[in-house]
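Down below is the structure, laid out as structure tokens.
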Amino acid sequence: MRKITLALSIMISVLTLLLLPGAVAAQGGEPTDDEVNAIAKQLYCPVCENVPLDVCPTQACAQWRGIIRQKLAEGWTEDQIKQYFVDQYGDRVLAAPPARGLNWLVYILPPAVFVIGAYVLVRAVRGWRQPPVTEEFFPISTPEDPYIVRLEQELQNRDR
Amino acid sequence: MIANVGYFSLVLAFLVALYGASAAAYGERHGRLRYIESARHAMLLTWPLVTISALAIIWLLISGQYQIRYVASVTSNSMPAYLKVTALWGGQAGSLVFWSWLMAAFASAVGLRKWQRDRELLPWVIVVTMVTLAFFLGLVILVENPFTRLWLTPDGQQAIALFQPRGATPLIPSDGQGLNPLLRHPGMIIHPPTLYLGFVSFVVPYAFAIAALVTERTDDRWIRITRRWTLIAWLFLSLGLILGGRWAYDVLGWGGYWGWDPVEIAALLPWITGTAFLHSVMVQERKGMLKRWNMILIILTYALVIFGTFLTRSGILSSVHAFAQSAIGPLFFAFIGVTFVVSLSLLIKRWDDLKAENQLGSMVSREALFLYNNLFFMGILVVCFWGVIFPLISELFTGQKVTVGPPFYERANSPLGFGLLLLMAIAPLSVFGRTSWKLLGKALWKPLALSFLVPVFSALRGTTNLGALIGYWVISLITLVTLYEFWRGALARRQRHQESFPVALWKLTSRNRRRYGGYVIHLGVVLMLLGVIGIELFQAETQGALAQGEQLTLDRYTMIYESLTQFDTQDGRNVTRAVVSVYRDGEFVGELYPRQDFYYASQQPMTIPGIRSTLENDFYVLLVGWEPIGLGGATFKIYHNPLVNFLWIGGLILTLGTIIAAWPDREPEPITKLAKKQTVIARP
């Protein structure tokens, strides 16, 4: 049982890590529209629901893009600029929540549910391949070696 | 007058639906056939009643009765007549009426079609459909009434009421606010009805499932009866999603088709459970397994359909406050909660009757692969559902708002989607019962070996993107396996029946429509995947401010900014339209006209792209901004979207496949005859 718990937690952690936002390389230099958009793409203004900043046609978003351009010209890095908007308006400007506090749940829950689901499925599949307890001990119709069937059952009993 | 007729017709439909549900339940419980027959008539009556109400709304919309608040909020004088008709589903109140109208229509269709054959289940089908209908009608009557009018009270205040408040005079605006500009596109005119058709048709299999649980008919009869309903529901839901994507691509002006917006996901959720259901019911039909699981899936699908209907129109997810303030939010959640709990308790009550009749043959048998398929679908469901509701949870517990956007969904869903694709490649080669690894390997190795040719070839030609190479590989494998299935089947037929190959292929498909229709759907999905790979992995974009005559280059395309004009239109827009010339490898290929429409009434800008489409790629130009004085300079954003059109072509093939799979089994015969025949052959 302990082994299974360990395996489950390892799988959950690996899947969680896969989900986390990756590190972003810093940029600098003369700001072109494309450089501004590269950062704007990762930001969401609090007013326009779910429209990334680089394509949002509203005046407010045009101003935000202006701020990005200005900061880039002043030599700020991408992370600094994103942090600036986070400081001003909160985490919601980021496309995905930073992994801290309650936000960890975003990243942990789906892999955890998936792994648990897979575990339940495997158990169920094993259960189906095993004859009901009330009937004969060995399945009559399965052509498998009785030894293997027994082995599997014992393994399963150990898992319980 | 017309508004009153429409309103009372709705009230009547609401009462009739409640009566129908009660009479059916009472008649069934006490064995009183007269009540059941009466309930059936009540169900058949709801459709004409809701139709009268819907027609009343349409008449009010077309004739511009702006005293009616709904009319004033979704239409305006400048809108053409066809848009005024479609404004029926342009706002919350109207779309709820439209939903109810579809529900009443489908319930009637069920009641008319196979009344004799499905007599045992139908009373409970009436209960479920009529309770659902009554809920929606109740919402329309009590909370989101499309017939309320605007009034001016004696103290000069504006009031909204159905009937004249004391001393008030009618307030009749000279013009309405007009339909949301985003909804004036042809794609948006058909997208909501298609989606709603999908949503509402899923209520039918759910109703039969509940009927099976109540009546203890726990065999697969309910699944066989509703197979076509499920397929049709799935088809419309898929079409709704694809049309929505096309609309976003054409109108929203961000160069993409899917943005993982909560509203989009709301429509995707029932599609996920519905697709899982379509696959897992086959296991129940063939092996008598997964009975409980299928029940859970259809119950989930129903809950998500109601959830989706609610989310797509209300925008409620933007914050906890928006939810708490809306009158409709808590009602929806209460309804979803109650139906969910009732359904689950029914399921638990019958849990032991729903035992599997068979054992699992092997870990790679078809039924086992369907199980893995369901696991992956459920994984995607959890990711999407969790992503949609997490912002609310975060706000509720920490007060901190967060955005869960595309990066989360893409990272989480890609491996799960890949798992599904692998299964799509392997499953056709596996059979129900006992497939051994050895047998599967024997069938798989040839297509597997061949499938590596495409990624190797494209790697040699310079593709370095690993994701794309893996994508090409899995696409090749699925295509090869699927075509191999057709080829193998047709060959066997040709030998046995001495038919020519095309005839054998045709007969093979038409005699096993479900199976081969399914394969055609898989081919459609593969083509769509090709489009997704193209746009997700190879989309290129650049933006630049240009003076007239200057150019912007992206990949093999060059765009020259020719001119810019600004003008007002009849329908209340100010249009700023650019003319750009497009060159490919230095050769002139045509002009494009990207534009921005500014809607005066709603003060909303819309960015309409100029698109040059070929099978190979789209060249997509957005007019981002311009200098207001002299219109000399303008800023353009251009995208190069490779392979994107395969997305739409794949959608068409998917539709074709579903039609093949859902095509009626016999040559058209009078329904009554068919019903009689089937009564005879119906399984005990």
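So you know, we letter chains A, B, ... as the sequences are listed, proteins then strands, and number each from 1. Owing to the predicted nature of the structure, the values given are computational and were not obtained by experimental measurement.
- In terms of heavy-atom pairs under 4.5 angstrom with chain A, the leader among B/Leu371, B/Val624, B/Thr398 is B/Leu371.
- Taking each heavy atom of B/Phe408 and A/Pro110 in turn, the nearest pair found is CZ-CG, 4.1 Å.
- Within the 4.5 angstrom heavy-atom criterion, only side-chain atoms of B/Thr607, from C-beta onward, approach chain A.
- For B/Glu541, the parts lying near chain A are the backbone and the side chain together; criterion is any non-hydrogen pair under 4.5 Å.
- Closest of all the heavy-atom pairs between B/Leu375 and A/Ala118 is CD1-N, 3.6 Å.
- Residues A/Pro97 and B/Thr403 fail the side-chain proximity criterion, which asks for heavy atoms closer than 4.5 Å.
- Note that the CG atom of B/Leu381 and the CZ atom of A/Phe114 stand 13.0 Å from one another [nearest 0.5 Å].
- Within the 4.5 angstrom heavy-atom criterion, only side-chain atoms of B/Thr635, from C-beta onward, approach chain A.
- A donor atom on one side chain and an acceptor atom on the other are not found under 3.5 Å apart for A/Asp34 and B/Gln543.
- With a 4.5 Å cut-off on non-hydrogen atoms, A/Leu102 touches chain B through its backbone and its side chain both.
- Environment of CZ in A/Arg69: crowded, with over 12 heavy atoms of neighbouring residues, nucleotides or ligands closer than 6.0 Å.
- A salt bridge does not link A/Arg92 to B/Glu395: none of the charged nitrogens lies less than 4.0 Å from a carboxylate oxygen.
- In this structure a side-chain-to-backbone donor-acceptor pair under 3.5 Å is present from B/Trp386 to A/Leu105.
- The parts of A/Asp91 that come within reach of chain B are both its backbone and its side chain, each placing non-hydrogen atoms under 4.5 angstrom from that chain.
- The greatest number of non-hydrogen atom pairs below 4.5 Å with chain A, out of B/Asp261, B/Val383, B/Leu622, B/Asn374, is found for B/Asp261.
- Chain B forms more heavy-atom pairs under 4.5 Å with one residue of A/Leu94, A/Asn37, A/Val120 than with any other, namely A/Asn37.
- Note that OH of A/Tyr44 is 15.5 Å distant from NZ of B/Lys401, once rounded to the nearest 0.5 Å.
- Contacts of B/Met289 with chain A are made by side-chain atoms alone, with heavy-atom separations under 4.5 Å and no backbone atom involved.
- Residues A/Leu121 and B/Tyr372 are in side-chain contact: their nearest non-hydrogen atoms beyond the backbone lie under 4.5 Å apart.
- By the 6.0 Å contact criterion, CD on A/Gln59 is open, its count of non-hydrogen atoms from other residues, nucleotides or ligands being 12 or less.
- Using a 4.0 Å cut-off between charged side-chain N and carboxylate O, B/Lys637 and A/Asp33 make no salt bridge.
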